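Got a structure here, written out as structure tokens. Questions coming.
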Amino acid sequence: MSNTPDTLADTIVTRFPPSPTGYLHVGGARTALFNWLYARHTGGKMVLRIEDTDTARSTQASVDAIFEALEWLGIDWDDGPYYQTQRFDLYKAHIDQLVASGDAYFCTCTAEEIEAMRERAKASGDKPRYDGTCRERNLSPSTDAVVRFKAPLTGTTVVPDTVKGNIVFQNNELDDFIICRSDGTPTYNFVVVVDDITMGINTVIRGDDHVMNTPKQILLYNALGAALPTYAHVPMVLGNDRTRLSKRHGAMSVTAYRDMGFLPQAVLNYLVRLGWSHGDQEFFTVAELIEKFGLDSIGKSAGIFDADKLQALNGDHIQASAAADLVPHLLPFMAAEGYSAEAGPYLEAVIKTLKPRSKTLVEMAQAAHFYYNDPIVYEEKAAKKFLKAAALEPVQLLTEKLKASESFEEKALEQVFTAVMAETGLKLGKIAQPVRVALTGTTVSPGIFEVIAVLGRERVITRLTAALSYIAALPEG
RNA sequence: GGUCCCAUCGUCUAGUGGUUUAGGACGCCGGCCUCUCACGCCGGUAACGCGGGUUCGAACCCCGCUGGGAUCACCA
């Protein structure tokens, strides 16, 4: 790993810095996606950085979960993963630098004293913040001292933001925030800046819940003598109650959507459209996104996560996918449904019949069950309505003709049905429904000719014969 | 409460002063297609938060209000 900043000034370098305190949720995934798309779009690079300085809450399981989610989404990176806990020496050096330059100082105020300060400020209607007790005391390092950044008391700090324009903060709203805890570990706002500088990050795309941190970070850039990155604070993704996404909003983890039968490209497509637009276009392939994504058409207002729309989009992506490409995604869901299938022409033919009628892979796996399920178990209502005496003659006739038919192509099958209709005088519905129940166990399935063609002669004859026996065994009446 | 951000159909959005009776998508409701359910197609429902300006003309520009959100740690 290298700490050399990228020297190619016009190469875009973005980053995705998750903190491993849980799974990757949809909001985080969108942030990763925007950074990734922008890097890919510009031919730049994306850095992955694990922000694990909160050792109490960070877990390896979370790190693994994040990798797993990113991999499923197809989001990769060019540099890293870096772990902040492995960079403490670097942070320490920068803290020393700021202390030496007079931009930071040691503070020995206790938690109680700080608390009292806040109470006093609140009582007098002021902003509760550090009052600068140790600011000019020139204290030396000691075991219980923290290091505070010496923030300017007057003036303004402006955050130049690509999405929101210039955001102006009064410096007297900021206080001397802590950059190094009494246990010697650096704090978030500090490590982010040191990392972004040393990793050569020149484009920071993140949720706008970070805008309040940005002036502090800008002050740090200034003190460290580094050039500011381009900022793009993207509006947040909210739950349907319009508040920050959290546990109570139900499924939030990216992998939960994988497990519910969503395609990664559909999730990506949905997420990118939540806050970014390209005219009226709704459907995008990943390649198209890379080609078209840009910071200029990111919206300004927060968006609400809408599972219905995701599902509709998932249906579109299923429909747009080649059957062969769906195979590896579908197989695990078939296994979960309790039956096994194997990749091959049969599965692909099955998928073709199901693509237009499936919103998720779970639905598809459920709907595909009958193609593999022998013998067919009839749904009670379906059997009662269609597998009765009246169906005996046409189904018998159809079975005979099917046995004799040379071809099992849909065209030929249609002719067979036409012949049966002519001989029995029945309409197609009267014949197709009993056959559908005989072949699938239900009244709902893909087109009857499709089903017969895909199942093939052997299965069809076996199932029709079984249905005939079933009807024959029925008690009179 | 302070600070900051935001404001077009229920939701995601197009729209950057006149081409707008405000378009698309999801959802919802009808209809068509039809061997079932879907798909598809056709049609419908539904929005510029309010009040002031600026302008010959405002969804688009300015101000105020209201509403919503974010954030205020020795978390990240």
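Throughout, a chain's letter reflects where its sequence line sits, starting with A, and its residues are numbered from 1. For clarity, every value in this text was computed on a predicted model and none was experimentally measured.
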Worksheet item: What integer number of Å spans the P atoms of G23(B) and G44(B)?
Response: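 Pairwise P distance, G23(B) against G44(B), rounds to 11 Å.
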Practice prompt. Classify the nucleic acid contact of Asn213(A) as base, sugar-phosphate or nothing, counting any heavy atom under 4.0 Å across all strands shown.
Written response: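 The answer is base, as Asn213(A) lies within the cut-off (heavy atoms under 4.0 Å) of a base atom.
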Discussion item. Please verify the inter-ring angle class for Tyr270(A) with Phe305(A); under 30° counts as parallel, over 60° as perpendicular, anything in between as tilted.
Written reply: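 Perpendicular.
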Item to complete: Let me know the distance between NE2 of His278(A) and P of G15(B), rounded to the nearest Å.
Response: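 That distance rounds to 11 Å.
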Worksheet item: Between C39(B), U11(B), U13(B), which one does the side chain of Asp306(A) approach most closely?
Response: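 Comparing C39(B), U11(B), U13(B) against the side chain of Asp306(A), the answer is U11(B).
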Worksheet item: Under a 4.5 Å cut-off applied to non-hydrogen side-chain atoms, are Val234(A) and Asp208(A) in contact?
Response: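 The answer is no, as the side chains (C-beta and beyond) never meet within the 4.5 Å cut-off.
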Item to complete: Quote, to the nearest angstrom, the P distance that separates U13(B) from C6(B).
Response: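 15 Å, rounded to whole Å.
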Worksheet item: Considering Watson-Crick and G-U wobble pairs with both distances under 3.5 Å, what does A38(B) pair with?
Response: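 Checking every strand shown, A38(B) finds no partner, since no pair has both distances under 3.5 Å.
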Worksheet item: So which nucleotide from A76(B), G69(B), C12(B) ends up closest to the side chain of Glu282(A)?
Response: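 Per side-chain heavy atoms of Glu282(A), the pick is C12(B).
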Practice prompt. Go through U71(B), C4(B), G69(B) for me and flag the one nearest to the Thr243(A) side chain.
Written response: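 Given the options U71(B), C4(B), G69(B), the side chain of Thr243(A) is closest to G69(B).
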Discussion item. Rounding to an integer number of angstrom, what distance separates C4(B) and C60(B) when you compare their P atoms?
Written reply: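 To the nearest whole Å, 24 Å.
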Worksheet item: Does Arg242(A) have a side-chain nitrogen or oxygen under 4.0 Å from the phosphate oxygens OP1 or OP2 of U11(B)?
Response: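 So the side chain of Arg242(A) is within the cut-off, an N or O lying under 4.0 Å from OP1 or OP2 of U11(B).
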Worksheet item: Can you tell if the side chain of Lys384(A) reaches within under 4.5 Å of the side chain of Tyr378(A), non-hydrogen atoms only?
Response: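 They are not in contact (no side-chain heavy atoms under 4.5 Å apart), so the answer is no.
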Worksheet entry | Pairing partner of G2(B) (Watson-Crick or G-U wobble, both distances under 3.5 Å) |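 U71(B) is the nucleotide pairing with G2(B).
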Discussion item. Distance criterion of 3.5 Å, no angle test: do you see the side chain of Asp52(A) paired donor-to-acceptor with the base of A76(B)?
Written reply: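 No pair found.
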Item to complete: By nearest nucleotide on RNA chain B, pick out whichever of Ser277(A) and Glu51(A) is the more 5' one.
Response: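 Its nearest nucleotide being more 5', the pick is Ser277(A).
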Worksheet item: What residue among Tyr188(A), Phe190(A), Phe149(A) forms ring pair (Phe, Tyr, Trp, His ring centres under 6.0 Å) with Phe177(A)?
Response: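 Going through Tyr188(A), Phe190(A), Phe149(A) one by one, the ring pair (Phe, Tyr, Trp, His ring centres under 6.0 Å) with Phe177(A) is satisfied by Phe149(A) alone.
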Discussion item. Please classify the nucleic acid contact of Arg206(A) as base, sugar-phosphate, or nothing, using heavy-atom distances under 4.0 Å.
Written reply: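 Contact class for Arg206(A): none.
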Discussion item. Using a 6.0 Å distance limit plus a 45 degree cone around the ring axis, check whether Arg30(A) lies over the aromatic ring of Phe34(A).
Written reply: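 Yes, Arg30(A) lies over the aromatic ring of Phe34(A).
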Worksheet item: Going by an N to O cut-off under 4.0 Å, is there a salt bridge joining Asp52(A) and Arg57(A)?
Response: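 Not counted as a salt bridge, because no side-chain N and carboxylate O are separated by less than 4.0 Å.
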Worksheet item: Across the strands shown, which category fits Pro17(A) at heavy-atom distances under 4.0 angstrom: base, sugar-phosphate, nothing?
Response: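 Counting heavy atoms under 4.0 Å across all strands, no contact is made by Pro17(A).
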Worksheet item: Hey, does the side-chain of Asp308(A) have a donor or acceptor N/O within less than 3.5 Å of a partner on the base of G27(B)?
Response: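 In this structure, the two groups form no donor-acceptor pair.
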Worksheet item: Is the backbone of Thr21(A) close enough, under 3.5 Å, to the side chain of Ser19(A) for a donor and an acceptor to pair up by distance?
Response: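 No, because the side chain of Ser19(A) does not come within donor-acceptor range (under 3.5 Å) of the backbone of Thr21(A).
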Worksheet item: Does the pair Glu282(A)/Lys309(A) count as a salt bridge with the N-to-O cut at 4.0 Å?
Response: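 Result for this pair is yes, salt bridge flagged.
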Worksheet entry | Shortest side-chain distance from Ser301(A), nucleotide among A7(B), U36(B), A76(B) |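 Looking only at side-chain atoms, Ser301(A) lies closest to A7(B).
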Practice prompt. Give a yes or no on whether a salt bridge exists between Lys359(A) and Glu363(A), defined as a side-chain N under 4.0 angstrom from a carboxylate O.
Written response: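 The answer is no: the pair does not qualify as a salt bridge.
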Worksheet item: When rounded to the nearest Å, what value does the distance between C1' atoms of C9(B) and C26(B) take?
Response: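 So the two C1' atoms sit 12 Å from each other.
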Item to complete: With a 3.5 angstrom cut-off on both distances, give the Watson-Crick or G-U wobble partner of U11(B), or none if there isn't one.
Response: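 Answer to the pairing question: A25(B), which forms a Watson-Crick or G-U pair with U11(B).
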Item to complete: With a 4.0 Å heavy-atom cut-off, tell me which residues in residues 434-445 of chain A come close to RNA chain B, sorted by residue number.
Response: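 Heavy-atom cutoff 4.0 Å gives Arg436(A), Thr443(A), Val444(A), Ser445(A).
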Practice prompt. Pick base, sugar-phosphate or nothing for Gly275(A), based on heavy-atom distances below 4.0 Å to the nucleic acid.
Written response: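 The answer is sugar-phosphate, as Gly275(A) gets under 4.0 Å only of primed atoms, P, OP1 or OP2.
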Worksheet item: When you measure from the side chain of Arg244(A), which nucleotide among U71(B), C37(B), C12(B) comes out closest?
Response: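 Closest nucleotide among those given: U71(B).
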Fill in: Spacing of Arg357(A) atom CZ relative to U36(B) atom P, expressed in whole Å
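Computing the Arg357(A):CZ to U36(B):P distance gives 11 Å.
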Practice prompt. Sticking with atom P, work out how far C50(B) lies from A22(B), rounded to a whole angstrom.
Written response: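 Going atom to atom, P in each nucleotide, I get 15 Å.
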Fill in: Euclidean distance for C1', A46(B) against A73(B) (whole angstrom)
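Comparing C1' positions in A46(B) and A73(B) gives a spacing of 45 Å.
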Item to complete: Look at the side chain of Asp209(A) and decide which nucleotide, out of A70(B), A76(B), C35(B), has an atom nearest to it.
Response: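 Between A70(B), A76(B), C35(B), the one nearest the side chain of Asp209(A) would be A70(B).
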Discussion item. Mind checking if Ser58(A) touches a base, just sugar-phosphate, or nothing, with heavy atoms under 4.0 Å?
Written reply: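 Here Ser58(A) touches no strand at all.
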Got a list of side-chain donor-acceptor pairs under 3.5 Å for residues 417-432 of chain A, not counting sequence neighbours?
from      : atom 1 : to        : atom 2 : distance (Å)
Thr418(A) : OG1    : Glu414(A) : O      : 2.7
Glu423(A) : OE2    : Lys401(A) : NZ     : 2.8
Thr424(A) : OG1    : Val420(A) : O      : 2.7
Thr424(A) : OG1    : Leu426(A) : N      : 3.2

Discussion item. Pairing check on U54(B): which nucleotide meets the Watson-Crick or G-U wobble criteria with it, both distances under 3.5 Å?
Written reply: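 By the stated definition (distances under 3.5 Å), nothing pairs with U54(B).
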Discussion item. Rounding to an integer number of angstrom, what distance separates G68(B) and G30(B) when you compare their P atoms?
Written reply: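 My reading of the P atoms in G68(B) and G30(B) gives 35 Å.
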Worksheet item: Whole-Å distance between G1(B) C1' and Arg118(A) CZ?
Response: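 The answer, rounded to whole Å, is 16 Å.
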Fill in: Side chain Ser182(A) and base C74(B) donor-acceptor under 3.5 Å
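Pair found.
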Worksheet item: Taking for each residue the nucleotide of RNA chain B bearing the nearest heavy atom, is the 5' side occupied by Ala302(A) or by Ile167(A)?
Response: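 This one resolves to Ile167(A).
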Practice prompt. Scan Ile448(A) against the nucleic acid and name what it touches under 4.0 Å (heavy atoms): base, sugar-phosphate only, or nothing.
Written response: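 Ile448(A): base contact, heavy atoms under 4.0 Å.
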Discussion item. If you only use heavy atoms from C-beta on, which nucleotide in A76(B), G2(B), C5(B) is closest to the side chain of Asp208(A)?
Written reply: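 The answer is C5(B).
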Fill in: Counter-base of G49(B), judged by Watson-Crick or G-U geometry with both distances under 3.5 Å
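C65(B) - that is the nucleotide pairing with G49(B), both distances being under 3.5 Å.
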Discussion item. From the set G23(B), U3(B), A70(B), return the single nucleotide nearest to any side-chain atom of Glu173(A).
Written reply: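 The closest nucleotide is U3(B).
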Worksheet entry | Opposite nucleotide pairing with U19(B), Watson-Crick or G-U, both atom distances under 3.5 Å |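 Answer to the pairing question: none, since U19(B) forms no Watson-Crick or G-U pair.
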Item to complete: Please state whether the phosphate of C6(B), meaning OP1 or OP2, lies under 4.0 angstrom from any side-chain nitrogen or oxygen of Lys300(A).
Response: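 True: Lys300(A) side-chain N/O within range (under 4.0 Å) of C6(B) OP1/OP2.
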Worksheet item: Which is true for Phe169(A) with a 4.0 Å heavy-atom rule: it touches a base, it touches only sugar-phosphate, or it touches nothing?
Response: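 Sugar-phosphate, no base atom in range.
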Practice prompt. Determine the interatomic distance between C1' on G15(B) and the same-named atom on U8(B); round to the nearest Å.
Written response: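 Nearest-Å result for G15(B) against U8(B) at atom C1': 9 Å.
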Worksheet item: Taking a pair as Watson-Crick or G-U wobble with both distances under 3.5 Å, which nucleotide is matched to A76(B)?
Response: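 Paired with no nucleotide.
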Discussion item. Whole angstroms only, please: what is the NE2-P distance between His233(A) and C6(B)?
Written reply: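 Rounded to whole Å, this separation is 13 Å.
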Worksheet item: Looking at the side chain of Met212(A), which of C37(B), A14(B), U71(B) is the nearest nucleotide?
Response: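 Comparing C37(B), A14(B), U71(B) against the side chain of Met212(A), the answer is U71(B).
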Discussion item. Strictly below 4.0 Å, N to O, side chains only: are Asp176(A) and Lys150(A) in salt-bridge contact?
Written reply: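 No, this pair does not count.
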Worksheet item: Between C4(B), A76(B), C12(B), which nucleotide has the shortest distance from any of its atoms to the side chain of Val211(A)?
Response: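 Between C4(B), A76(B), C12(B), the one nearest the side chain of Val211(A) would be C4(B).
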Worksheet item: Which pair of heavy atoms, one from Ser321(A) and one from Lys355(A), lies closest together, and at what distance?
Response: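 Smallest interatomic distance, heavy atoms only, reads O-NZ, 2.8 Å.
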Worksheet item: Which whole-number value in Å describes the distance from Arg148(A) CZ to C74(B) C1'?
Response: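 Taking atom C1' of C74(B) as the reference, CZ of Arg148(A) is at 8 Å.
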